[in-house]
Structure formats: C-alpha cells, structure tokens
Peer 1: 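The structure follows.
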Amino acid sequence: MEQQIRYTLGKEERLKSRKAIEQLFKEGKSLSVFPLRVIYIFSKEPPSLTEPCVPVNKPCIKAGFTASSRNFKKAVDRNRIKRLMREAWRLQKHALQLPVSQHGELAVFFVYVGKELPEYELIFEKTALTIKRFIKLINENKG
RNA sequence: UCUAUCAGCCAGGCCAUCGUUCUCCUACAGGAGGAAGGAAAGUCCGGACAGCAAAGGGCAACACACCGGUUAACGGCCGGUCCCGGUGAUACGGGGAGAUAGUGCCACAGAAAAUAACCGUCCCGCUGUUGAUGUUAUUGUUUUUGUUUACAAAAACAGCGGGAUAAGGGUGAAAACGUGAGGUAAAUGCUCACGAUUAUUAGGGGUAACCUUAAUAGUGGGUAUACCUUGUGUGCUGUAAUGCCAUGUACACCAACGCCUGAGAGCGGCCCGUUCGAUGUGCCGGGUUAAACCGGCGCAGCGUUGGAGGGUAGGCAGCAAGAUCAUAACAGUAAUGUUAUGGCCAGAUAAAUGAUGGCCACCCCGAAUUUCGGGGCCACAGAAUCCGGCUUAUGGCUGAUAGAUUUU
RNA sequence: GGCUGCGUAGCUCAAUUGAAUAGAGCAUUUGACUACGGAUCAAAAGGUUUUAGGUUUGAAUCCUAACGCGGUCA
C-alpha cells in the first residue's frame with residue numbers, strides 16, 4: 001500500500017499562541033487572492049539547529065484562520081467561513097509540506113475579507129491558488 | 001380553505017468515508033466513548049460561588065408594591081379579586097399602595113385651574129341727588145287761598161362700608177355630585193325623592209384581597225410614569241473573580257519590632273465608629289515578551305533584626321454530579337413539591353461539532369390512484385463559570401373559540 | 001465577560017425643568033444680479049424626532065421593551 005497521505009489538521013498544525021500571532025501580524029508579509037488575504041512569515045533558522053523538524057513527526061507549517069466581525073456580525077457565519085477555510089487547507093496543504101520542510105518553518109494566517117458568505121468550491125479553488133503561489137515563492141528564494 | 005386570538009408540542013432518524021476537540025485504554029501503529037440551543041442571543045431580573053481585613057449602625061441611592069400560594073431567590077410563575085378595553089361567552093388582553101401627610105405643576109382659553117377671588121344677585125348701615133306725601137314753624141298780607149324756608153319721609157338712582165351667596169358668567173381635557181321638587185331677602189345637599197360615589201361601624205360569606213345586607217357620616221378636581229410618604233428588599237465588585245506553580249532578572253523587595261509625629265490611606269457613595277500608618281508616593285523618559293527595574297523632577301521621619309517577597313507572559317486549579325436529567329406513582333385547581341427506579345449528558349481558549357455520499361421518514365409537483373419519477377429536507381441561529389426566569393428572533397404541526405367563503 | 005453613553009432635515013448641531021407651528025448653518029431647487037460662471041441677495045422644498053407600546057388633556061422630552069452606533073475596564 002502506497003503511503004496514504006493522512007489529511008490531518010491537529011492542534012500542532014494550527015497557530016495557537018497569542019504571541020506568535022501578534023508577531024506574525026507585525027512582521028509578516030502578505031499577499032491577496034480575493035476574497036482571501038494571506039499573511040505569512042518564514043523563520044530563517046535552519047532546521048538542524050533547533051528541534052528537528054522532520055515532516056513526519058513535527059509539523060513545520062502552522063496555519064490560522066479568521067473572518068472579521070465587521071463584515072459578519074453573526075457568530076454562525078464566522079464559524080462557517082473558518083470551517084470551510086480549514087477544510088480546504090486540510091485537503092491541500094500536503095503539497096507544501098515537502099518544499100517547506102527543506103527550507104525552514106512557515107506560519108500562515110488566512111483572513112477572509114469578502115463580504116458575502118462563500119461557497120465551499122470557491123474557497124477550495126482560491127486555497128489551491130495560494131498554495132501554488134507559495135511554491136513559486138519558495139523556488140525563487142532558492143534560486 | 002383562509003383570517004384573527006389563545007394554548008401546547010417538535011426542531012428529523014440510521015449508516016459509511018475523511019477530519020476536529022475532550023476523556024479513557026494502549027502493543028505508541030492505533031482503538032473505544034462523549035461533543036451546541038429553544039432560544040446557546042439580548043444582558044433585563046434573581047441566585048449559587050469568589051474576593052474586598054472584619055461586613056457593625058445610621059443616612060443616601062436603587063428596585064418592587066391588590067390578595068394568597070410557589071421557590072434557593074426573583075421584578076418570574078400559578079390561582080383568586082377589583083377596574084378598563086373587548087367578546088356570543090369571566091374566551092381573551094391591559095392595569096392595581098397613598099392625591100384625606102406635605103410641596104410642586106395644570107400652556108392657550110376662561111371670572112376662576114383649587115385660595116374659593118372677580119363680575120353679577122340679595123340684605124343692612126351711612127352719604128348725596130330727585131322726591132309722592134306728611135308735620136311744624138317763620139315772614140309778608142286783614143283773613144282764607146297761595147308762595148318760600150326747615151324737618152320727617154315711601155320709592156328710585158349713584159357712591160362708600162359690612163354681610164349672605166356658589167344658583168348664573170361664551171371657555172376648557174377637567175369647573176366644586178346629577179335630575180326634579182320644596183324652601184329662602186337672594187341662594188346653596190339647606191331639606192326631600194330617585195340615582196352615582198367615598199369612608200366608618202355592625203351582621204353574613206371568604207385565609208385574604210374582596211363580595212353582600214343594613215345604619216351613620218360625607219361629596220375634598222387631576223397628576224405620584226413630578227418631588228415625595230408608607231411598607232418590603234438590596235453592603236460593593238465580579239469566574240478576564242480568586243488561589244497555586246514555575247523561568248529569568250533587578251533590588252530604596254517583603255515581614256516583624258521600636259521611637260517622634262499624624263501627612264495620608266482603607267472599610268470601592270457619605271457619616272459615625274474602627275483599623276492601618278511610612279525606604280513611601282505623583283509625573284515624564286528609558287527598559288522588559290510582560291512585570292520587576294533604571295534615570296530625572298516634585299512632595300515626603302527614621303532606625304534595628306530576619307529572609308525571602310512582589311509581579312506578569314505561560315501553565316494548573318476554579319471547570320463540569322447538579323436548586324441534574326428521564327420515567328412512574330402520590331399530594332395540590334395549578335405553579336410546584338415528595339417518593340421510587342434508572343442515567344451521567346460539551347468543556348474549547350485566535351477558541352473544537354465540519355466536508356461528502358446512501359437509505360428511511362416527512363413535505364411539494366407530475367404521471368396515476370397498489371405504485372413510479374423528479375425536487376426539497378428548511379427558518380432563527382453557535383456553548384465560554386453554572387443554574388431559575390423574562391424579553392427578542394424564527395420554521396413546522398396540533399387543539400380550542402370566532403368570522404368569511406365554497407360544496408353537499 | 002462586565003460597565004456606561006448616544007440616536008432629531010442629505011450633513012453638523014439646537015430645542016431635553018412636558019404645552020401643540022420642532023429651529024439654525026451648510027448642502028439641494030427656483031429666481032435676481034452677470035456676456036457666462038463663482039460669490040452675493042431673495043424665496044422654496046425637505047422631519048411619522050431610530051422602532052413598538054404605555055403614562056398624560058397633551059410626549060422629541062417621562063416610563064418600559066426592542067434595534068442600531070460608540071466609549072471604557074481587564
């Protein structure tokens with residue numbers, strides 16, 4: 001049986017520390033794939049010096065998701081958007097895993113900036129697009 | 001069938017794949033089990049629990065207000081009662097201390113908005129004018145008649161003073177019980193009849209609010225959702241409360257004791273009373289992940305002894321077995337309570353419950369009436385310490401009553 | 001999670017010790033002035049006082065509930 005990819009998104013793979021998120025918003029770069037706005041940061045330390053970042057054991061991509069309460073006043077809508085984004089990320093992030101693990105660590109934060117409730121298909125497509133752009137970015141940095 | 005009002009119920013079920021979170025097991029591959037609501041919402045009330053050294057008294061402030069019951073508690077709920085609206089109907093909806101404790105307010109209009117004032121009406125007295133009529137005296141003339149003067153004076157008018165009035169006075173939301181009769185100088189519940197209404201007393205019913213009968217005394221405008229008075233209740237702040245752990249750093253850190261003085265501070269509104277009382281404190285800049293900390297300026301008593309103290313980022317507790325849930329029986333009109341049996345039912349912290357598919361049930365449409373095909377499977381909406389209510393949002397179903405329409 | 005304040009013309013604000021017609025400035029429209037425009041002058045229109053109940057003879061104002069928008073504590 002060819003190693004089946006486990007599409008997981010546990011606690012380890014999400015941004016949970018308030019401090020880390022504040023730092024990300026302060027120093028991170030951003031790109032925008034409407035209706036998503038993506039804020040990200042690469043940590044420079046080579047993986048060998050800090051705790052070993054082996055793809056199987058320790059995840060090296062951390063992600064967070066949010067939707068503004070200015071655009072969506074109801075908690076139900078915000079939860080729905082975050083869940084859809086999480087689901088799309090969960091199914092597609094494996095494409096990034098290998099390139100990133102060779103390079104360092106990545107922290108990503110997705111902000112939904114649209115003003116209407118999206119369909120799942122739209123979120124899925126846009127997430128795929130962002131991942132492509134990330135891969136491109138990593139390749140440029142190498143070169 | 002539709003509409004209106006009221007009351008009650010439900011918020012699909014099962015299976016599979018990939019994921020999330022918590023707990024347990026484990027051979028660390030994984031496996032098993034639990035995982036949003038009737039409103040989780042608004043934060044409008046009431047509690048539990050915690051802190052404020054202790055939580056004492058008074059005042060203030062706030063809330064509530066027919067009666068009884070219910071409860072841990074409530075401003076909630078249940079039952080009753082009176083008033084108003086409303087109906088075929090005690091179906092239904094709304095309201096309820098005090099205006100006779102006091103103060104304030106009631107625009108415009110109106111005589112007047114609560115004192116009964118003003119106009120007007122009536123009575124008495126005084127003064128003045130006119131003066132029917134009467135009496136007496138004087139003067140002139142011989143007398144009579146007549147004239148003049150003085151006095152008295154019915155009545156009328158005017159003025160002043162005193163008193164009686166609330167019947168009348170175009171208004172207004174509201175005008176000092178209403179209608180009729182008698183009575184009076186003129187009038188008035190002044191008296192009488194009928195009616196309305198308030199209070200007290202007595203009898204009857206009811207735990208009570210209240211109902212009812214009789215007697216007596218009244219008829220004092222409205223507004224307390226103006227201030228207020230009376231009664232009852234509440235100390236204040238809130239789980240981001242609060243307690244504990246531990247990294248690293250700096251030291252005018254902390255604790256105890258003593259002396260002069262009593263600045264000041266606390267008891268989260270104020271006072272009394274009481275307690276604390278000095279290496280402190282205010283501002284600005286730097287520093288730290290954060291706090292400790294450093295420097296400057298201002299105000300300000302010190303000393304001795306001891307060893308840990310303060311504080312935040314993070315973690316743990318608080319934090320999931322309870323005014324608990326389900327079923328049954330009993331008590332009660334009911335809210336609710338008691339007993340028995342069984343169950344354990346979210347616990348995250350940038351914050352878990354999602355994505356996809358199938359079947360059944362339900363609804364709609366078409367064929368057709370056994371059944372088949374297609375579509376829908378929703379609305380409002382997401383726990384953050386936990387409970388009891390209230391309010392608001394919202395889909396469907398059922399029942400009761402009334403009305404309308406159609407068919408028989 | 002708690003506390004607290006506000007909502008008036010298209011905009012910025014008055015009127016908040018209840019009193020009948022809700023006022024001012026800017027903006028808008030029309031007219032005058034000008035060759036034209038601006039400025040200026042004159043006039044007009046524009047309000048269910050956020051919504052729904054209640055108290056009152058009478059509510060922008062008082063009371064209750066809802067909706068919306070801020071501020072603040074940690």
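Lettering of chains follows the sequences in order, A, B, ..., and the numbering in each one begins at 1.
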Peer 1: Side chains of residues 118-137 of chain A: which donor-acceptor partners sit under 3.5 Å, not counting sequence neighbours?
Peer 2:
{"from": "A/Thr127", "atom 1": "OG1", "to": "A/Ile123", "atom 2": "O", "distance (Å)": "2.6"}
{"from": "A/Thr130", "atom 1": "OG1", "to": "A/Lys126", "atom 2": "O", "distance (Å)": "3.1"}
{"from": "A/Thr130", "atom 1": "OG1", "to": "A/Thr127", "atom 2": "O", "distance (Å)": "2.6"}

Peer 1: Roughly how many Å is it from CZ in A/Phe124 to C1' in B/G19, rounded to a whole number?
Peer 2: 14 Å
Peer 1: Is B/G295 paired to anything, Watson-Crick or G-U wobble with both distances less than 3.5 Å, and if yes, which nucleotide?
Peer 2: B/C284
Peer 1: P atom, B/U223 versus C/U55: distance in rounded Å?
Peer 2: 12 Å
Peer 1: Report the base-pairing partner of B/U229 (Watson-Crick or G-U wobble, both distances below 3.5 angstrom), or none.
Peer 2: B/A97
Peer 1: So, is B/G95 syn or anti if syn means the angle is within 90° of 0?
Peer 2: anti
Peer 1: Between the protein and nucleotides 66-70 of chain C, list the N/O to N/O atom pairs that are separated by less than 3.5 angstrom.
Peer 2:
{"from": "C/C69", "atom 1": "OP1", "to": "A/Lys73", "atom 2": "NZ", "distance (Å)": "2.9"}

Peer 1: Can you list the residues that meet the side chain to side chain contact (heavy atoms under 4.5 Å, CB included) rule with A/Ser30, with sequence neighbours excluded?
Peer 2: A/Arg37, A/Ile39
Peer 1: Mapping A/Asp77 and A/Arg80 onto RNA chain B by nearest heavy atom, which one lands closer to the 5' end?
Peer 2: A/Arg80
Peer 1: Would you mind writing out the side-chain donor-acceptor pairs for residues 77-88 of chain A within the sub-3.5 Å range, not counting sequence neighbours?
Peer 2:
{"from": "A/Arg78", "atom 1": "NH1", "to": "A/Phe72", "atom 2": "O", "distance (Å)": "2.9"}
{"from": "A/Arg78", "atom 1": "NH1", "to": "A/Lys73", "atom 2": "O", "distance (Å)": "3.4"}
{"from": "A/Glu87", "atom 1": "OE1", "to": "A/Arg90", "atom 2": "NE", "distance (Å)": "3.4"}
{"from": "A/Glu87", "atom 1": "OE1", "to": "A/Arg90", "atom 2": "NH2", "distance (Å)": "3.4"}
{"from": "A/Glu87", "atom 1": "OE2", "to": "A/Arg90", "atom 2": "NH2", "distance (Å)": "2.8"}

Peer 1: Going 5' to 3' along nucleotides 36-42 of chain B, which nucleotides have protein heavy atoms under 4.0 Å from the base (write B), which only from the sugar-phosphate (write S), and which from neither (write -)?
Peer 2: B------
Peer 1: Syn or anti for B/A36? Use the chi torsion, O4'-C1'-N9-C4 for purines and O4'-C1'-N1-C2 for pyrimidines, with syn inside 90° of 0.
Peer 2: syn
Peer 1: Who does B/G342 pair with, Watson-Crick or G-U, both distances under 3.5 Å?
Peer 2: B/C325
Peer 1: For B/C62, does the glycosidic angle fall within 90° of 0 (syn) or outside that (anti)?
Peer 2: anti
Peer 1: As a test of the definition: with a 90° window around 0 for syn, would you call B/G189 syn or anti?
Peer 2: syn
Peer 1: Both A/Tyr120 and A/Phe109 contact RNA chain B. Which one's nearest nucleotide lies toward the 5' end?
Peer 2: A/Phe109
Peer 1: Return the nucleotide paired to B/A185: Watson-Crick means purine N1 to pyrimidine N3 with N6-O4 or O6-N4, wobble means G-U with N1-O2 and O6-N3, both under 3.5 Å.
Peer 2: none
Peer 1: Please determine, for B/G76, whether a Watson-Crick or G-U wobble partner exists with both distances under 3.5 Å, and give it or none.
Peer 2: B/U70
Peer 1: For B/U312, give its Watson-Crick or G-U wobble partner with both distances under 3.5 Å, or none.
Peer 2: none
Peer 1: Pull up the glycosidic torsion of B/A209 and say syn or anti, syn being anything within 90° of 0.
Peer 2: anti
Peer 1: Under 4.0 angstrom, heavy atoms only, what part of the nucleic acid is A/Arg86 near: base, sugar-phosphate, or nothing?
Peer 2: sugar-phosphate
Peer 1: Going by purine N1 to pyrimidine N3 plus the second Watson-Crick contact, or the G-U wobble pair, all under 3.5 Å, which nucleotide sits opposite C/U21?
Peer 2: none
Peer 1: Any strand counts, and the cut-off is 3.5 Å on both contacts for Watson-Crick or G-U wobble. Which nucleotide pairs with B/G399?
Peer 2: B/C6
Peer 1: Can you tell which of A/Tyr112, A/Phe109, A/Phe110 makes a ring pair (Phe, Tyr, Trp, His ring centres under 6.0 Å) with A/Phe65?
Peer 2: A/Phe110
Peer 1: Using atom P in both nucleotides, what's the gap between B/C105 and B/G76 to the nearest angstrom?
Peer 2: 36 Å
Peer 1: Between C/A39 and C/U30, how many Å separate the two P atoms, rounded to a whole number?
Peer 2: 15 Å
Peer 1: Taking only the C1' atom of each, what is the distance from B/U275 to B/G262 in whole angstrom?
Peer 2: 15 Å
Peer 1: On a whole-Å scale, what distance lies between the P atoms belonging to B/C210 and B/A173?
Peer 2: 35 Å
